[in-house]
Amino acid sequence: MIDEQGSRGGIANSIDDPYSGGCRNGYITVGYRGTFAFGRDGLADVQFRKLNRVLVCGRVGLCREVFKDTLNESRDPDRGQADRYTSRYFLKHTFLEQCFDLLQRAGFRIASSCASGVSNVPGSAESESEESRWNHYNEFVFVRD
């Protein structure tokens, strides 16, 4: 609440405004494209996943609040306003569990998820590397209400 002098006391009114950068409620989607790493002689070690990048989509203000300095905004051309949405953020690390911990600490819970399987299509062995056949994509939707 903002008093007559303009100072904030307690929670600001803008937190309940859905178009504010200080909005508390909303969704954040986290996705990653990965592959299963390989051991010796091309044998798949399916106990290990290799992530290239953890992608983040959602309202800019919420993403900045949750991920703070681990958020990489370099691919987003419209830097600045916190009340818009973006699908161009990614994290500076590739630790999916750290990402989930940050979301949980900020009060988010998982709402949905989806995944694609590996792309082991018969007849495409000549054109694809062994590793690229094990590529997959996973996405997780988190909500705070």
Side-chain angles (χ1 to χ4, degrees), residues 1-39 42-122 124 127-145:
M1 185 172 222
I2 300 175
D3 60 21
E4 288 105 27
Q5 287 82 27
S7 63
R8 293 179 184 257
I11 299 173
N13 289 336
S14 65
I15 286 180
D16 295 324
D17 179 2
Y19 300 105
S20 166
C23 180
R24 300 232 358 112
N25 302 334
Y27 294 88
I28 292 179
T29 302
V30 173
Y32 74 89
R33 184 170 313 283
T35 186
F36 294 112
F38 289 85
L43 298 175
D45 177 8
V46 294
Q47 301 297 320
F48 178 75
R49 70 175 184 257
K50 178 178 157 187
L51 305 181
N52 297 330
R53 179 176 283 177
V54 177
L55 306 169
V56 177
C57 308
R59 188 178 298 123
V60 170
L62 285 176
C63 295
R64 287 176 178 162
E65 172 197 339
V66 172
F67 298 111
K68 298 179 179 47
D69 61 341
T70 65
L71 191 64
N72 190 330
E73 301 181 33
S74 65
R75 289 182 54 219
D76 189 23
D78 300 321
R79 294 187 193 125
Q81 301 173 5
D83 62 342
R84 63 185 176 81
Y85 289 85
T86 185
S87 62
R88 305 203 37 107
Y89 287 163
F90 61 95
L91 299 181
K92 295 177 182 176
H93 59 79
T94 57
F95 305 112
L96 197 56
E97 292 76 12
Q98 181 182 358
C99 170
F100 290 169
D101 285 345
L102 292 170
L103 285 158
Q104 190 271 331
R105 284 186 206 133
F108 282 83
R109 61 181 172 76
I110 194 158
S112 182
S113 65
C114 65
S116 68
V118 296
S119 57
N120 196 1
V121 179
S124 65
S127 63
E128 286 188 67
S129 70
E130 184 67 23
E131 186 172 336
S132 68
R133 281 191 243 153
W134 291 92
N135 283 339
H136 58 281
Y137 181 77
N138 294 321
E139 204 167 72
F140 306 91
V141 179
F142 290 87
V143 63
R144 180 170 66 184
D145 20 49

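Residue indices begin at 1 and follow the sequence shown.
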Between F95 and H93, what is the ring plane arrangement, given parallel below 30°, perpendicular above 60°, and tilted in between?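 The arrangement is parallel - the two ring planes meet at less than 30°.
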
Angle class for the H136/Y32 ring planes (parallel below 30°, perpendicular above 60°, tilted otherwise)?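 Perpendicular, since the angle between the ring planes exceeds 60°.
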
Starting at [atom1] of [X], measure out to [atom2] of [Y] and round the result to the nearest 0.5 Å.
X	Y	atom1	atom2	answer
S116	N138	OG	CG	6.5 Å
T35	N135	OG1	CG	4.5 Å
I28	R59	CD1	CZ	9.5 Å
E139	C57	CD	SG	6.5 Å
L91	L102	CG	CG	8.0 Å

Determine whether [X] and [Y] make a side-chain contact, defined as any pair of heavy atoms from C-beta on separated by less than 4.5 Å.
X	Y	answer
Y89	R75	no
V143	R109	yes
L71	C63	yes
C99	F67	yes
Y27	V141	yes
L103	R105	no
T29	V56	no
C114	F140	no

Looking at D76 and R84, is there a salt bridge between them, counting it only when a charged N and a carboxylate O are closer than 4.0 Å?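 Yes, this pair counts.
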
Donor-acceptor check, side chain of R144 to backbone of R24, threshold 3.5 angstrom: yes or no?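 Judged by distance alone, yes, a pair lies under 3.5 Å.
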
Is the centre of the F100 ring less than 6.0 Å from the centre of the F142 ring?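 Yes; F142 has its ring centre under 6.0 Å from that of F100.
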
Y137 versus R33, side-chain donor and acceptor atoms under 3.5 Å: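 Absent: no donor and acceptor within the cut-off.
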
Apply salt bridge (Lys or Arg N to Asp or Glu O under 4.0 Å) to residues E73 and R88 and explain how you reach the verdict. CA-CA 7 Å; E73 301 181 33; R88 305 203 37 107; over 6 Å; no

